[in-house]
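Letters A, B, ... mirror the listed sequences (proteins, then strands); counts begin at 1.
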There are 2 protein chains.
Amino acid sequence: MREGPDIARIASLVGDPARANMLNALMGGTALTASELALEAGVSLPTASSHLGKLMEGGLLTVASQGRHRYYGLAGPQVAGMIEAITGVAASVGPQRVRPGPRDGAMRVARVCYDHLAGEQAVAMLDRLVAKNVLVRDEQEIRLGPSAASHFAAIGIDVYTKPRRPVCRACLDWSVRRSHLAGTLGAAILDKTLAEKWARREKDSRAVIFSPPGRQAFERAFLS
Amino acid sequence: MREGPDIARIASLVGDPARANMLNALMGGTALTASELALEAGVSLPTASSHLGKLMEGGLLTVASQGRHRYYGLAGPQVAGMIEAITGVAASVGPQRVRPGPRDGAMRVARVCYDHLAGEQAVAMLDRLVAKNVLVRDEQEIRLGPSAASHFAAIGIDVYTKPRRPVCRACLDWSVRRSHLAGTLGAAILDKTLAEKWARREKDSRAVIFSPPGRQAFERAFLS
DNA sequence: CGCATAGTTCGTTCCTCATCGAAGCGTTCT
DNA sequence: AGAACGCTTCGATGAGGAACGAACTATGCG
């Protein structure tokens, strides 16, 4: 009977299996069409459309119309963070969904979290960048260190271009339980990693798989 | 149709208004009896009992039987963190539940988060302790600094006694969006604050209200 | 224009699940 | 022992909402 933000409303949106599958799929960071999400969730198109309407109304999704397609995406990093938090609880209390399987192992090593990298590899990268003083952890925030501009410029990432969102943000990793790098810089690093073909996205999964030479290049760039 | 931890299962537990109210009440940190939670949620005792059973089965709650009472509490900090995350989203996307009201203002200044202090006051405290090098932020974790033992001993808090849980932990504040101090030390500080009567708990709320002299004492102890 | 594709809206069906009263079990108090 | 209390279990009721097919709107292609 008390009040505050309407947490039940938000949680019940995530609490439907079809909607949860959609949100999970959108955690991959790329916006998807209604049909793709229907397939992902295992429901018919009308049903999916209804769900998407509810998620929109709840403020969890944004949509961009392009021609006859409508691309749905997560409303923002805060929503992604909430889903990671729920995932963390589900992973730790759940009856451990049968065997972990190889794909699950790959997910722990590296995966996409909304628009940036997560997993052991991502956590290690942030640690290393902080240790090298390229980034500076200050209180909760992460800031650019003195050598950041030149360091990233050498790899072909411009840390100044994108104004609106914070450049660096910490994002808690549900598998490692430590922070990894989010923000525009985190997003740029993921872009770079995929553009250089250091790693590829596993089809229909958030897992990110590094090729052996790609791994070396990535480590040379960020972990050396 | 993909898999991973069963997030819908967890979210749907939080998604019922009665259960959400119960969880919210338990965010106050004190374990409550089934009757108290029934009152809190505005449902009958049998209904509440049914909800509590589900929350138990889902691993979100723990219970301790004492005589004819059964005290229910949150299963752990991870669950509390998840609820804060959901609260954050609900607060930012929600239709802003009418006017903020004085109680809501008090909540932003200081409130109980599971077993420690949250809100502006708590965030400021952590910042100050880190600035004074009493605590050290290292990567995501917070560790005790060299002067921590003597500093807290002077206030009457022993930082060594409690072995199991980590002494320090960072916990993300939904109102300020910055970290505050959790862990056994965070809990000890809350205990101290209430024991010294620097502040009192608002009845039926998570809000914590400092008395003017209490505020001074608190600031002398942690913010000076 | 007419046809195909992408999405939404509508109406109906069906099932889950929240709710409560009544009854049952265990604990405490006198 | 008996009575009062705290809580859970059972059974019946009812409402909300998830699902789909069919019809409708909008965009793109020839």
Check the phosphate of [N] against [X], side-chain N and O only, distance under 4.0 Å to OP1 or OP2. Yes or no?
X: B/His69; N: C/dT27; answer: no
X: A/Thr47; N: D/dC20; answer: yes
X: A/Lys54; N: D/dA18; answer: yes
X: B/His51; N: C/dC17; answer: no

Select base, sugar-phosphate, or nothing to describe what A/Thr33 touches, counting heavy atoms under 4.0 Å on all strands. sugar-phosphate

Looking across every strand, which nucleic acid part, if any, lies under 4.0 Å from B/Tyr71 by heavy atom: base, sugar-phosphate, or nothing? nothing

Return the value, rounded to whole Å, for the distance between atom [atom1] of [X] and atom [atom2] of [N].
X: B/Arg70; N: D/dC5; atom1: CZ; atom2: C1'; value: 16 Å
X: A/Met56; N: C/dT9; atom1: CE; atom2: C1'; value: 17 Å
X: B/Leu55; N: C/dC17; atom1: CG; atom2: P; value: 14 Å
X: A/Leu13; N: D/dA18; atom1: CG; atom2: C1'; value: 14 Å
X: A/Leu45; N: D/dA22; atom1: CG; atom2: P; value: 15 Å
X: A/Leu39; N: C/dT5; atom1: CG; atom2: P; value: 16 Å
X: B/Leu32; N: D/dG6; atom1: CG; atom2: P; value: 15 Å
X: A/Leu52; N: C/dA6; atom1: CG; atom2: P; value: 15 Å

Counting only pairs under 3.5 Å, give me each side-chain donor-acceptor contact of residues 10-17 of chain A, with atom names and distances, residues two or more places apart or in other chains.
| residue | atom | partner | partner atom | Å |
| --- | --- | --- | --- | --- |
| A/Ser12 | OG | A/Ala8 | O | 3.2 |
| A/Ser12 | OG | A/Arg9 | O | 3.0 |
| A/Asp16 | OD2 | A/Ala18 | N | 3.0 |
| A/Asp16 | OD2 | A/Arg19 | N | 3.2 |

Interatomic distance, A/Met22 atom CE to A/His51 atom NE2 [nearest 0.5 angstrom]: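 If I round to the nearest 0.5 Å, the distance is 6.0 Å.
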
Report the residues that fulfil side chain to side chain contact (heavy atoms under 4.5 Å, CB included) with [X], sequence neighbours left out, ordered by chain and then residue number.
X: B/Arg200; result: B/Glu202, B/Ile209
X: A/Leu194; result: A/Leu190, A/Arg201
X: B/Ala38; result: B/Ala48

Answer with yes or no whether the side chains of A/Thr33 and A/Glu36 bring together a donor and an acceptor at under 3.5 Å. yes

Go through the structure and list residues passing side-chain hydrogen bond (donor to acceptor under 3.5 Å, both in side chains) with [X], not counting sequence neighbours.
X: A/Ser44; value: A/Thr47
X: A/Arg215; value: A/Gln121
X: B/Glu196; value: B/Lys192
X: B/Arg70; value: B/Ser65

To the nearest 10°, let me know how far the axis at one end of the helix from C/dC1-D/dG30 to C/dT30-D/dA1 is tilted from the axis at the other, five pairs an end.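 Between the axes fitted at each end of the helix from C/dC1-D/dG30 to C/dT30-D/dA1 lies an angle of 30°.
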
Under the rule for ring-ring contact (aromatic ring centres under 6.0 Å, His included), what residues qualify as partners of A/Phe218, not counting sequence neighbours? A/Phe210, A/Phe222

If you check every side-chain atom of B/Asp16, which of C/dG7, D/dA19, C/dT19 has the closest atom? C/dT19

Every protein N/O within reach of nucleotides 27-30 of chain D N/O, cut-off under 3.5 Å:
| residue | atom | partner | partner atom | Å |
| --- | --- | --- | --- | --- |
| D/dT27 | O2 | A/Arg68 | NH1 | 3.3 |

Which heavy atom of A/Leu126 sits nearest to which heavy atom of A/Leu181, and what is that distance?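 Looks like CD2-N, 3.9 Å.
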
Each nucleotide of nucleotides 10-16 of chain C classed B (base within 4.0 Å of a protein heavy atom), S (only sugar-phosphate) or -, in 5' to 3' order, makes -------

